[in-house]
Amino acid sequence: MALDYSKKVMDHFMNPRNVGELDNPDGVGEAGNPKCGDIMKIYLKVNDDTKIIEDVKFKTFGCASAIASSSMATELIKGKSIDQAWDLTNNAVAEALDGLPPIKMHCSVLAEEAIHTAINDYREKHGLEKIPMEIHEE
């Protein structure tokens with residue numbers, strides 16, 4: 001079955017932004033889906049004074065939607081505060097990609113979860129309370 005991907009999904013899949021790892025990241029988060037095998041890892045570099053995400057990288061093992069969702073999510077949180085980044089939803093990632101096929105929406109959920117996990121890792125490393133994460137049903 002061929003999936004109908006938007007031009008933005010294909011662009012972020014073929015030319016992903018912010019790929020790689022950060023040396024000495026301030027926060028690292030990982031999310032995975034055992035059903036499909038997609039795994040995302042997000043690395044954050046946060047300015048301690050302003051709490052602005054100065055750099056963000058990702059490594060994703062997965063399908064075109066997973067890679068595109070990771071790429072777009074990093075673009076959407078770069079330059080934002082950790083509080084603003086926390087508020088990024090999977091729906092906002094999908095909308096920024098001009099949509100995902102319904103069967104691939106879980107990829108945008110993984111991006112949101114990886115960001116939340118990375119922010120909570122940052123918060124824990126800085127003696128801040130973790131923020132409870134909502135569990136998304138698929």
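Start at 1 with the first residue, then count along the sequence.
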Worksheet item: Where is the tightest heavy-atom contact between Ala73 and Ala111, given as atom of each residue plus distance?
Response: CB-CB, 3.9 Å
Worksheet item: Does Glu112 reach the main-chain N or O of Val109 with its side chain, forming a donor-acceptor pair under 3.5 Å?
Response: no
Worksheet entry | Atom of Ser81, atom of Ile53 and distance for their closest heavy-atom approach | O-CD1, 4.4 Å
Discussion item. Please determine whether side chain to side chain contact (heavy atoms under 4.5 Å, CB included) holds for the pair Met40 and Phe58, giving the CA-CA distance in whole Å, both sets of side-chain angles, and the decisive distance to 0.1 Å.
Written reply: CA-CA 7 Å; Met40 295 180 185; Phe58 80 91; over 6 Å; no
Worksheet item: Any donor and acceptor pair, going by atom type alone, linking the side chain of Asn120 with main-chain N or O of Lys130 inside 3.5 Å?
Response: no
Fill in: Distance-minimising heavy-atom pair for Gly99 and Val9
O-CG2, 3.6 Å
Item to complete: Report the residues that fulfil ring pair (Phe, Tyr, Trp, His ring centres under 6.0 Å) with Tyr122, sequence neighbours left out, ordered by chain and then residue number.
Response: His126
Worksheet item: Got a donor-acceptor contact below 3.5 angstrom from the Ser71 side chain to the Arg17 backbone?
Response: yes
Discussion item. Membership question, hydrophobic clusters at under 4.5 Å side-chain separation (ILVMFWY): are Ile115 and Trp86 in the same one?
Written reply: yes
Item to complete: For side chain to side chain contact (heavy atoms under 4.5 Å, CB included), just list the numbers for Ile77 and Gln84, CA-CA rounded to whole Å, side-chain angles, deciding distance to a tenth of an Å, and then say yes or no.
Response: CA-CA 8 Å; Ile77 66 169; Gln84 290 170 316; over 6 Å; no
Response to the item:
Closest non-hydrogen contact found for Ala114 with Ala31 is N-CB, 3.8 Å
Worksheet entry | Backbone of Glu129 reached by a side-chain donor or acceptor of Arg123 within 3.5 Å | yes
Worksheet item: With no hydrogens and no angle check, is any side-chain donor or acceptor of Asp38 less than 3.5 Å from a backbone partner on Cys63?
Response: yes
Practice prompt. Look at the side-chain heavy atoms of Ile, Leu, Val, Met, Phe, Trp and Tyr, link any pair under 4.5 Å apart, and say whether Leu44 and Leu76 land in one connected group.
Written response: yes
Worksheet item: Can we say Asp11 and Lys7 salt-bridge, meaning some charged N sits less than 4.0 Å from an Asp/Glu carboxylate O?
Response: no
Item to complete: For the pair Lys45 and Asp23, evaluate salt bridge (charged side-chain N to carboxylate O under 4.0 Å, His left out) and give the outcome as yes or no after the intermediate values.
Response: CA-CA 9 Å; Lys45 185 63 78 175; Asp23 291 331; over 6 Å; no
Worksheet item: What is the distance from atom CG of Leu110 to atom CG of Asn90, rounded to the nearest 0.5 Å?
Response: 9.5 Å
Worksheet item: Are the side chains of Lys41 and Glu21 in touch, meaning some heavy atoms are under 4.5 Å apart?
Response: no
Worksheet item: Is Lys57 close to Thr74 at the side-chain level, that is, under 4.5 Å between some pair of heavy atoms?
Response: no
Worksheet item: Judged by atom type as modelled, is there a donor-acceptor pair below 3.5 Å linking the side chain of Ser108 to the main-chain atoms of Met105?
Response: yes
Worksheet entry | Linked, directly or transitively: Phe61 and Met72 (ILVMFWY side chains, under 4.5 Å) | no
Practice prompt. Would you please test His106 and Ser65 for side chain to side chain contact (heavy atoms under 4.5 Å, CB included) and show each step?
Written response: CA-CA 9 Å; His106 68 275; Ser65 295; over 6 Å; no
Response to the item:
To the nearest 0.5 Å, atom CG of Asp26 lies from atom CD of Glu54 at 8.5 Å
Worksheet entry | Residues in side chain to side chain contact (heavy atoms under 4.5 Å, CB included) contact with Asp98, at least two apart in sequence or another chain | Ser6, Lys8
Practice prompt. Indicate yes or no: at least one non-hydrogen side-chain atom of Glu30 is less than 4.5 angstrom from one of Ile39.
Written response: yes
Discussion item. Please check if the number of heavy atoms outside Lys59 that lie under 6.0 Å from its NZ is greater than 12.
Written reply: no
Worksheet item: Backbone N or O of Ile52 within a donor-acceptor pair of the Thr50 side chain at under 3.5 Å?
Response: yes
Discussion item. Contact between Ile131 and His116 at the side-chain level, heavy atoms closer than 4.5 Å - yes or no?
Written reply: no
Worksheet item: Is the count of non-hydrogen atoms from other residues, nucleotides or ligands lying under 6.0 Å from Lys51 atom NZ greater than 12?
Response: yes
Practice prompt. Determine, step by step, whether Ile42 and Val56 satisfy the side chain to side chain contact (heavy atoms under 4.5 Å, CB included) criterion, reporting the C-alpha distance in whole Å, the side-chain angles of both residues, the deciding distance to 0.1 Å, and the verdict.
Written response: CA-CA 7 Å; Ile42 302 276; Val56 56; 3.9 Å; yes
Worksheet item: How many angstroms lie between atom CG of Asp87 and atom CD1 of Ile82, to the nearest 0.5 angstrom?
Response: 11.0 Å
Worksheet entry | Hphob cluster co-occupancy, Leu100 + Leu88, side-chain heavy atoms under 4.5 angstrom | yes
Fill in: Smallest separation among heavy atoms of Ala64 and Phe13, with atom names
CA-CD1, 3.4 Å
Discussion item. Please say yes or no: joined through hydrophobic side-chain contacts below 4.5 Å, possibly via intermediate residues, are Val19 and Ile67 part of one cluster?
Written reply: yes
